[in-house]
Amino acid sequence: MSETKDQYKLHTFDEVKEQYFVYIHDTKSRQSIEKAYLFACKAHEGQTRKSGEPYIHHLIEVCYILTTLQCGPSTLIAGLLHDTVEDTDVTLEQIKKEFGDDVMNLVDSLTKIQRLKLSHRSEEEFVYEDHRKIFLGMAKDVRVIVIKLADRLHNMRTLSSLSRDRQLVLARETLEVFVPIAHRLGMNSLKSELEDLSLKYLEPEKYEEIVRQVDSKVKNALKSLETFSKKIADDLFKRGIPFELKARVKSIYSIYRKIYKKNHKFEEIFDILALRIITETELNCYEILGIIHATYTPVLGRFKDYIATPKPNMYQSLHTCILDGNGNTFEVQIRTKEMDETAESGIAAHWRYKEGSKYDPKKEQKEIEEKLYWLRDFVNISENKDVDAKEYMSSLSHDIFEANVYVFTPMGKVINLPSGATPLDFAYKIHTGVAEKAVGAIVNNVMVPLNTVLKTGDIVEIKTSKSSPGPNKDWLNIVTTNFAKNHIRKFLAKKNAEFMKDDIIAKGKNSCVEAFKSYNISESEMEKLISSHSVLNNYNVDNVDELYIKVAAKNPTPGAIIDFLNLKRPVQEYLNIEKVTKDHDDSPIYIPGAGKIAITLGNCCTPIPGDEIVGYITKGKGVTIHRKDCPNIANEKKRLIEVFWKDNLKESTYPADLKIECHDRPNLVVEMMQVFAQKKVSVTALNATLHPQTLTTTIAVTIYVSGADALQDTINAISGLKGVYEISRVTH
């Protein structure tokens with residue numbers, strides 16, 4: 001049961017010493033911890049908390065919580081010093097000099113997390129990127145998580161001194177960020193208190209109602225539990241089985257979840273009061289289970305063996321539910337002393353009697369990752385910079401924190417997956433190389449499709465083939481984990497890029513072939529010319545394909561390469577330009593002294609009356625009109641001529657290509673079409689492309705307008721639509 005503010009006792013450092021003296025026997029380590037306490041007292045001298053008490057009390061309480069978990073010397077020292085660099089003049093260099101590299105690294109990680117000042121943010125500022133930074137800081141050394149959890153627990157115990165808004169933000173943050181990882185680390189005692197305290201501030205009325213109901217039920221059931229316990233104790237004593245009995249009351253938050261999240265009535269919750277039997281060996285555990293089932297009626301479907309199959313947070317215990325014959329139902333948990341310690345303090349039990357002068361953080365982290373196999377996924381996801389913060393938190397929540405299906409490899413390794421996961425999700429958890437060559441799966445010795453939904457206890461083997469084409473779009477509908485989806489998307493994007501690369505090379509090459517033709521140079525002769533070292537070096541490429549890719553991007557243009565090679569145009573190109581005749585009276589363009597020649601408006605930049613323009617002489621095809629800023633003629637100065645729009649143009653419309661960037665929202669295209677209709681602008685093509693990662697849309701549209709003024713008027717109107725943030729004319 002969670003305590004109220006007045007029930008929490010302020011401990012002294014002497015009481016902290018009493019705690020760690022029980023399990024830390026090295027004199028040097030004991031002296032270092034006391035030195036850290038005195039160092040923190042001096043550094044924080046004069047500082048107080050919101051509650052008015054000296055700041056050092058917070059550090060003592062954090063250290064006291066860590067001693068209840070029996071954490072080692074470096075962890076206790078870092079717990080005492082975790083705020084010194086952030087809140088005082090103390091530097092990391094001083095920490096290193098006084099207490100060594102290990103403590104300095106722990107304090108450094110804690111300082112980076114602390115600087116986020118999450119508890120001081122408004123709810124609107126409580127964003128995914130902050131969560132990601134917290135987890136990234138904690139992923140490198142699990143001890144950082146343990147210290148941060150102890151720090152958060154004491155802050156939650158003293159939350160009443162903060163404003164209501166701050167209480168809500170910090171309580172919600174605790175449930176969303178810190179509770180899930182405490183659960184995955186197996187720190188059940190700490191997790192339960194954090195949950196109860198968060199609920200107390202987020203939903204105080206429901207919290208108090210559950211407290212009243214639990215107190216009433218426990219009071220009425222205690223006598224029956226005592227009778228039941230005595231009967232079991234007598235049976236075990238007669239058989240000479242070592243045991244210790246403890247009563248356990250279900251946490252308030254666990255009851256809240258069953259009532260309000262799983263729609264149970266309070267009367268339907270049978271495990272509010274449980275009996276915990278602690279013995280010496282695993283064999284004793286199963287002996288005790290047999291005795292209880294032989295004496296009392298077990299409730300069908302309520303037996304769970306977490307000894308043979310531990311939870312991902314290392315939790316081990318036998319759970320059964322029995323009827324005592326008097327109308328009472330009790331849950332019984334049976335475990336060894338070591339299992340009980342791990343169940344309460346989780347990963348913190350790993351360091352007991354271990355962290356000392358020969359402690360190697362990297363080695364221990366690796367060993368922990370072997371025990372907590374999900375932690376490696378956590379570290380990998382946290383360090384993946386290619387995933388945005390929102391996607392990262394979604395992956396963390398779904399793939400790790402919500403994972404509740406446990407399957408096995410043929411070698412017996414446990415793999416945890418979220419509900420609905422398939423063999424393809426399993427394959428990606430094993431290795432991306434295995435997944436990308438997957439062609440089928442064997443589950444419990446039966447060949448099954450890759451979209452089969454796995455269940456706890458399944459033994460899964462992936463069938464692979466070197467000739468497999470790899471992931472396809474349909475795989476995105478088969479997998480459920482974000483981890484797998486991300487890898488499939490990356491594979492498809494890379495594959496698509498390879499196809500696109502071939503198309504881009506062909507486009508660049510065709511542009512060069514057409515340009516060199518006007519100089520009577522064949523394709524084979526052209527390739528000899530542009531594959532020379534001088535050309536490749538000039539454009540900083542290693543081969544002709546790379547040059548073609550640059551040409552496709554119009555940097556350089558084929559004309560620029562021709563100019564670099566200093567090629568001479570055929571003489572006949574300059575002769576008789578007027579031989580190409582055409583009735584040009586209807587043309588909007590006037591070319592001084594040109595006579596009758598073919599005039600074409602460039603499709604690449606779609607010039608319209610009012611644009612600044614220039615003419616480009618083409619072989620046997622007259623003159624093509626471009627906008628002066630068209631990149632296609634940027635390096636073609638030798639073939640450009642002066643041209644003008646006629647003064648008295650006949651009433652007509654001209655195409656203009658626009659690219660409109662906007663934030664995605666419903667009815668955006670509909671409203672845009674309404675604007676075009678109001679402006680009496682014809683639309684001949686419209687294509688909208690959604691970018692899911694940024695929730696933005698690119699709209700490519702071709703419209704017909706009378707000139708530049710009409711175009712600008714239309715652009716102004718479209719810019720006024722909600723969500724539109726950029727409009728530009730397109731050059732092909």
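Numbering starts at 1 and runs along the sequence shown.
Residues satisfying the ring pair (Phe, Tyr, Trp, His ring centres under 6.0 Å) test with Y260, not counting sequence neighbours, are Y256. Listed by chain and number, the residues in a salt bridge (charged side-chain N to carboxylate O under 4.0 Å, His left out) with E514 are K517 (sequence neighbours excluded).
Donor-acceptor pairing under 3.5 Å is lacking for the side chains of T697 and H691. No hydrogens or angles considered: a donor-acceptor pair under 3.5 Å links the side chains of T174 and R152.
Q167 contributes a side-chain N or O that, together with a main-chain N or O of L162, makes up a donor-acceptor pair within less than 3.5 Å.
The shortest heavy-atom contact between P471 and Y428 is CG-OH, 3.5 Å. Of all non-hydrogen atoms in P423 and P449, the two that sit nearest each other are CG-O, 4.0 Å.
In this structure, K509 pairs ionically with E527, as a charged nitrogen and a carboxylate oxygen lie closer than 4.0 Å. The residues R665 and E671 are annotated as salt-bridged, a charged nitrogen and a carboxylate oxygen being separated by less than 4.0 angstrom.
By the 6.0 Å contact criterion, CG on N603 is open, its count of non-hydrogen atoms from other residues, nucleotides or ligands being 12 or less.
Annotation: side chain of T696 is not in contact with side chain of E661 (no heavy-atom distance under 4.5 Å). Considering only heavy atoms from C-beta on, I699 stays 4.5 Å or farther from N687 through its side chain. At least one side-chain heavy atom of I530 sits less than 4.5 Å from a side-chain heavy atom of V544.
Screening R729, K628, H626 for a side chain to side chain donor-acceptor pair (under 3.5 Å) with D611, the sole residue that qualifies is R729.
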